[in-house]
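Given the structure is predicted, the values throughout are model-derived calculations rather than measurements.
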Amino acid sequence: MNPAAPHPTPRVRPATPADLEQIAALHTAARAAYLRGRVPDAPFDAPAEHARWRDAWARVLHRDEAPTLCAVHRDTVLGAASYRPRRGHSPRAAPGTTVALHQLHVDPAHWGTGVGRALHSACLHAWRAAGHSRAVLDVLWHNHRARTFYTRLGWLPDPDRRPAPDATHLALTLCLTPPEHRPAPAGP
């Protein structure tokens, strides 16, 4: 993509099975790009990896309990996000109030162009409309680009979830309740 050219404004919409090939391809490319820095010679963009992610996304796109959104410009899918309500994983959250962001991937050719922010914003809107008060996600520890992205959007380390035993993932959380609607802290 030409850095001097204006970035396309994506339209975010629900993903459909017709988007499967493009979502699998961009997921494979994004994963290869962020993992290549850690394991330079691994074949993360090999046909077998694409097939693996295609199969995984095919299952996700057919689940009613795992909404999937995609960011589209013209007929090209530039990014995708999928999430699910989480039941009772936190002592501080009532059942059904937490949502887990399982996937958010943007085609590497469109990193830094606002596609990820558009997907994130659409997720926030959907989560709040569904009554969720808290969101959680896991991010690969060494994926500094993603960690910076989420930090800029207000995500914080999740005090209710310990790091992975092998320290490969960081658990993050985001409060979805506006400050004026949060309960006051308990007194002494």
Side-chain angles (χ1 to χ4, degrees), residues 1 7-35 44 49-50 52-87 89 96-141 143-156 158 161 169-176:
M1 178 169 222
H7 302 299
T9 302
R11 177 176 56 95
V12 178
R13 62 163 172 77
T16 70
D19 300 315
L20 175 59
E21 287 301 327
Q22 290 187 73
I23 291 172
L26 73 86
H27 181 153
T28 303
R31 191 168 184 276
Y34 66 73
L35 289 175
F44 294 112
E49 281 295 294
H50 176 78
R52 181 168 84 102
W53 291 114
R54 184 190 184 288
D55 290 348
W57 279 103
R59 288 188 300 274
V60 169
L61 290 172
H62 288 25
R63 279 188 179 147
D64 289 337
E65 75 277 2
T68 301
L69 303 174
C70 61
V72 180
H73 179 68
R74 297 193 178 130
D75 293 329
T76 303
V77 178
L78 307 177
S82 182
Y83 55 89
R84 279 191 291 234
R86 185 171 268 186
R87 312 262 189 268
H89 282 66
T97 62
T98 300
V99 62
L101 177 60
H102 285 283
Q103 305 284 347
L104 193 155
H105 298 283
V106 173
D107 182 324
H110 296 278
W111 284 357
T113 65
V115 173
R117 281 185 179 270
L119 280 167
H120 186 267
S121 179
C123 286
L124 290 176
H125 179 75
W127 299 340
R128 288 179 176 134
H132 298 294
S133 60
R134 179 174 184 258
V136 295
L137 66 82
D138 289 331
V139 63
L140 288 171
W141 182 263
N143 189 345
H144 298 288
R145 178 182 206 92
R147 288 175 53 192
T148 299
F149 171 79
Y150 291 119
T151 298
R152 285 183 180 153
L153 294 170
W155 292 79
L156 301 168
D158 189 340
R161 296 169 52 220
H169 291 81
L170 177 64
L172 300 177
T173 187
L174 180 67
C175 181
L176 301 173

In the structure I gave you, are the side-chain heavy atoms of V60 and R84 within less than 4.5 Å of one another anywhere? no
Is there side-chain contact between V77 and E21, with at least one heavy-atom pair below 4.5 Å? no
Donor-acceptor list for residues 143-152 side chains, cut-off 3.5 Å, not counting sequence neighbours:
residue: N143; atom: OD1; partner: A146; partner atom: N; Å: 3.1
residue: R147; atom: NH1; partner: W141; partner atom: O; Å: 2.6
residue: T148; atom: OG1; partner: H144; partner atom: O; Å: 2.9
residue: T151; atom: OG1; partner: R147; partner atom: O; Å: 2.8

Do side-chain atoms of S121 reach the backbone of R117 as a donor and acceptor pair under 3.5 angstrom? no
Rounded distance [0.5 Å steps], CZ in R52 versus OG1 in T28: 8.5 Å
Is a donor on one side and an acceptor on the other found under 3.5 Å between the side chain of R134 and the backbone of T97? no
Scan H110, H27, H120 and name whichever one has a ring-ring contact (aromatic ring centres under 6.0 Å, His included) with H105. H27
Minimum-distance pair of heavy atoms, taken over all atoms of S82 and A66: OG-O, 3.9 Å
Is there a side-chain contact between H169 and L140 (heavy atoms, below 4.5 Å)? yes
L119 and A71: which non-hydrogen atoms are nearest, and at how many Å? CD2-N, 3.8 Å
The test is side-chain contact (heavy atoms from CB on, under 4.5 Å); show your working for L176 and V99 and say whether it passes. CA-CA 10 Å; L176 301 173; V99 62; 4.2 Å; yes
Under a 4.5 Å cut-off applied to non-hydrogen side-chain atoms, are V12 and H125 in contact? no
To the nearest 0.5 Å, how far apart are CG in D138 and CG in L170? 8.0 Å
Do L78 and L26 have side-chain heavy atoms sitting under 4.5 Å apart? no
Can you label the angle between the W127 ring and the W155 ring as parallel, tilted or perpendicular, going by 30° and 60°? perpendicular
Which atom pair, heavy atoms only, marks the closest approach of P14 to D19? O-OD2, 4.4 Å
When every non-hydrogen atom of V106 is compared with those of A30, the smallest separation belongs to O-CB, 3.5 Å
Nearest heavy-atom neighbours spanning L101 and Y83: CA-CB, 4.0 Å
Output the distance between atom SG (C175) and atom NE2 (H132), rounded to the nearest 0.5 Å. 13.5 Å
pair T68-W57: side-chain heavy atoms closer than 4.5 Å: yes
Would you give the length of the straight line joining atom CG of D158 to atom CG of L174, rounded to the nearest 0.5 angstrom? 11.0 Å
Reported OG1-to-CG distance for the pair T76 and D107, which is rounded to 0.5 angstrom: 9.0 Å
